[in-house]
Amino acid sequence: MSVVEQYARAHIVTDADDEIADPEAVPVVLRYDPDADPRTVRVGLPGPHEWAFERALLEQGLRAPVEAGDVRVWPCGRVQAVVEFHSTQGVSVVQFDSKALLRFLRRTYTAAPVRGSAAAQLQK
């Protein structure tokens, strides 16, 4: 199976570190390695900031607000989604175009087919 890596543009708001807060869209890397962990996706923010969380959380968060541990995901209007990361250093809020996240998720299911309704929902 192959690693899926996709760059997306996102707006980042944070109280953790001024160096990554940017009013302009910045490149964010989305990664999925089915050999390392077929249930986990990674979001790399500018600098050394990377978060790992369940792929299902990202998928569910495109339809309705969800959270698990230090990560929250929710739809924001009709065309955007927000991923919020909490740490001891503060909170980072990352706003994506939903299409970029959907495209990434579809690619992850192609790299590692899943059984059940999750892949079928993404095909719609």
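We count residues from 1, following the sequence as given.
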Cluster overlap V91 with V82, hydrophobic side-chain contacts below 4.5 Å: yes
Check the pair F96 / V28 against side-chain contact (heavy atoms from CB on, under 4.5 Å), numbers first and verdict last. CA-CA 9 Å; F96 291 93; V28 173; 4.0 Å; yes
Looking only at atom types and distance, does a side-chain atom of D33 sit under 3.5 Å from a main-chain N or O of D35, one as donor and one as acceptor? yes
So among R31, R42, R107, which one has a side chain to side chain donor-acceptor pair (under 3.5 Å) with E5? R31
Do the ring planes of F53 and F85 sit parallel (below 30°), tilted (30 to 60°) or perpendicular (above 60°)? tilted
Flag the pair R39 and E54 as a salt bridge only when some basic side-chain nitrogen lies within less than 4.0 angstrom of an acidic carboxylate oxygen. no
Closest non-hydrogen atom pair between T40 and A52, with its separation: CG2-CB, 3.8 Å
Audit row: V94, V43, side-chain contact (heavy atoms from CB on, under 4.5 Å) steps and yes/no: CA-CA 10 Å; V94 185; V43 176; 5.6 Å; no
Can you tell me how far CG of L57 sits from CD of E67, rounded to the nearest 0.5 angstrom? 9.0 Å
Calculate, to the nearest 0.5 Å, the distance between atoms CG and CG belonging to L105 and L58 respectively. 4.5 Å
Nearest heavy atoms of L45 and S92, plus distance in Å: CD1-CB, 4.4 Å
CA sep, side-chain torsions, deciding dist, call: F104, K99, side-chain contact (heavy atoms from CB on, under 4.5 Å): CA-CA 9 Å; F104 172 70; K99 285 184 180 182; over 6 Å; no
For residues 73-81, run the donor-acceptor check on the side chains, cut-off 3.5 Å, and write out each pair with its distance to 0.1 Å, sequence neighbours left out.
unit_1	atom_1	unit_2	atom_2	d
Q80	OE1	Q95	NE2	2.5

Under the criterion side-chain contact (heavy atoms from CB on, under 4.5 Å), I'd like the reasoning laid out for L102 against L62: C-alpha separation, chi angles, the key distance, then a yes or no. CA-CA 8 Å; L102 280 169; L62 293 175; 3.8 Å; yes
Could you check whether any side-chain N or O of Y32 sits under 3.5 Å from a backbone N or O of P38, counting only pairs where one atom can act as donor and the other as acceptor? yes
Donor-acceptor pair, R9 side chain versus A25 backbone, under 3.5 Å? yes
d(S87 OG, H49 NE2) to nearest 0.5 Å is 9.0 Å
Under 4.5 Å between any side-chain heavy atoms of V83 and V71, yes or no? yes
What is the distance from atom CG of L101 to atom CZ of R106, rounded to the nearest 0.5 Å? 11.5 Å
Does the side chain of T108 come under 3.5 Å of the side chain of R55 through a donor N or O and an acceptor N or O? yes
